[in-house]
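The structure appears right after this line, and notes come after that.
Atoms within each ligand, like the ligands themselves, are counted from 1 in listed order. Note that these values count all heavy atoms, side chains included, but never hydrogens, waters or copies made by symmetry.
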Amino acid sequence: MEFQIVGGDLAKTKTPCLIVGVFDKRKLSGPAEALDKATDGAIAALLRKGELDGGKGWLLAYDLPGIAAERVLLVGLGKRKECDRDKLTKALSTALGRLSEGGLRKALLALPTGLDDYATVRATALQAAHLAYRYDQTKAPKKDAPEPLQTLAIWVEKAKRRDAERAIAHGSAIADGVQLARELGNLPGNICTPTYLAARALDLAKDEKALKTEVLEESDMQSLGMGALLSVSRGSREPAKLIVMRYDGGEDKAKPVVLVGKGLTFDAGGISIKPAADMDEMKYDMAGGASVFGAVLAAVRMQLPINLIGVVPASENLPDGAANKPGDVVTSLSGQTIEILNTDAEGRLILCDALTYVERFEPAVVLDMATLTGACIVALGRHPSGLFTGDGKLARELSEAGDAADDRVWRLPVWDDYQKQLDSNFADIANIGGRDGGAITAACFLARFTKAYRWAHLDIAGTAWVTGKDKGSTGRPVPLLAEFLIRQGSADSGR
Ligand code: BES
Ligand code: MN
Ligand code: ZN
């Protein structure tokens, strides 16, 4: 999707469709008022006659006198005082839904005065791109299906132009990252295998000069001693891959931010096999890895002044004669032995070796993203991602980035009190901690492998995809990660 920032006289600007907001009780937003003047009060007159009172809904007007736009779409924004970024992006969904029904490919949006700041323009661009996304790789589009919008121009006042330009540059880079994550997530497990993910990472490095990709094969992992990761892929015909993407946008000496994402391309549970219902959704078990792809792409396209390393351990988890069995003990790269009491708790097995591996980069901070536990959905539902870290400052930074990016997290504890649930009679640690606090004990497991650096874990089991009729990948937490990385960049360069 394309974005433009435009200024100048709104009434004289040509476009197939001009979108402006109307508040509750038919009060005009700033741009709507300007149009009303240009039309000698035609807009206010129309509102007096029409159904739109400024609450929910829309009203489409053609051939308004004194206006160059072919049509004007008036959209209800609710009460002026209560109208914020969230209400605005919701109203935008209504408007763009209406436009795509009509098959319009281009539109010009005039944001209400006061809601034309960097954050709102960026959120608007991101929302428009989100709505325009269609999955079509393995499915013919429906005949007569409405075409999504192609170009969105956003009108802002002259004083806001610089911020708005930066906002759409960032917004479209983040949208590219979100879209990549959604596409990888939505692809079925028979296409999106570990080998496929590795190939996509190599492609990405071809397209983006600033990016370098390296892929570790099972033989490499064997020589390194990644017994935990390799134990998971042993039950699959698809070889595991450890994907490492590197973007050096910062100073040579600057320590890198490291992102690690669970890339489990299909999770059947292994010998501790899952029930059949909804098992198809376990193709999304690589969503953490997909978010690393997305965040890295967004950082590259924003040309952030940071060094960034994205690491994706990729594997399938299937039952097979060679698969992990409950009671098996494996040795992780860290040297700690692990008793596998449930083969379905495989995410932590592939992550722990990746988390030990990244010590070599001497990271400034490591974030891992994983669809790790059903228990996280039980605890928090599907609105926030679960945030786990012992580092209060990092927790605050991530929470604030999540709020700013409309991609929220909620913190749960990683206290040592829970660690004894992971005691094993036969290994240094067990891979499950019982029914109580399942999302927390999973994080506590990871904590044993992340002592060498600042670390936070995001459990995205409830947020990475939408279940039910609108089943599909959300691209979360790419917006949060992108915001976090932008802030890292500003801190480093002292801006
Ligand atoms: N990928 C799943 C977690 C999951 C389940 C995410 C459902 C989203 C929806 C993970 O590998 C898993 O199976 N976890 C187990 C852990 C348990 C065996 C301790 C779970 O949550 O049931
Ligand atoms: Mn599992
Ligand atoms: Zn899993």
query = Judged by modelled atom types alone, do Trp455 and Asp391 share a side-chain donor-acceptor pair under 3.5 Å?
reply = no

inquiry  = Between Leu242 and Asp220, is there a side-chain heavy-atom distance shorter than 4.5 Å?
reply    = no

request  = Answer yes if the side chains of Glu147 and Ser100 hold a donor-acceptor pair under 3.5 Å, and no otherwise.
outcome  = no

key: Pair Ser385, Thr463: side-chain N/O donor-acceptor within cut-off below 3.5 Å   = yes

query = Charged N to carboxylate O below 4.0 Å: is that the case for Lys262 and Glu346?
reply = yes

key: Contact residues of ligand 1 (heavy atom under 4.0 Å), by chain and number   = Lys262, Asp267, Lys274, Met282, Asp285, Asn342, Asp344, Glu346, Arg348, Thr371, Leu372, Thr373, Gly374, Ile377, Ile432, Ala461, Trp465

remark   = To the Zn ion (ligand 3), the closest N, O or S atom belonging to Glu346 is OE2

ask   = Is the Zn ion (ligand 3) less than 2.8 Å from at least one N/O/S atom of Lys262?
value = yes

ask   = Would one find an N, O or S atom of Asp285, in either backbone or side chain, under 2.8 Å from the Zn ion (ligand 3)?
value = yes

Heavy-atom side-chain proximity of Pro326 to Ile340 below 4.5 angstrom = no

request  = Please find the N/O/S atom of Asp267 nearest to the Zn ion (ligand 3) and write down its name.
outcome  = OD2

request  = Give me the ring orientation class for Trp465 and Tyr284: parallel if the planes are under 30° apart, tilted from 30 to 60°, perpendicular past 60°.
outcome  = parallel

query = Around the Mn ion (ligand 2), what protein N, O or S atoms are found below 2.8 Å?
reply = Asp267 OD2, Asp344 O, Asp344 OD1, Glu346 OE1

inquiry  = Can you confirm whether the side chains of Arg234 and Asn324 place a donor and an acceptor under 3.5 Å from each other?
reply    = yes

Minimum heavy-atom distance between Gln303 and Tyr247, given as atom pair plus value = C-OH, 3.2 Å

message = What I want to check is whether the side chains of Thr343 and Ser272 have a donor and an acceptor closer together than 3.5 Å.
response = yes

request  = Keeping the roles fixed (side chain from Arg360, backbone from Tyr357), state whether a donor-acceptor pair exists under 3.5 Å.
outcome  = yes

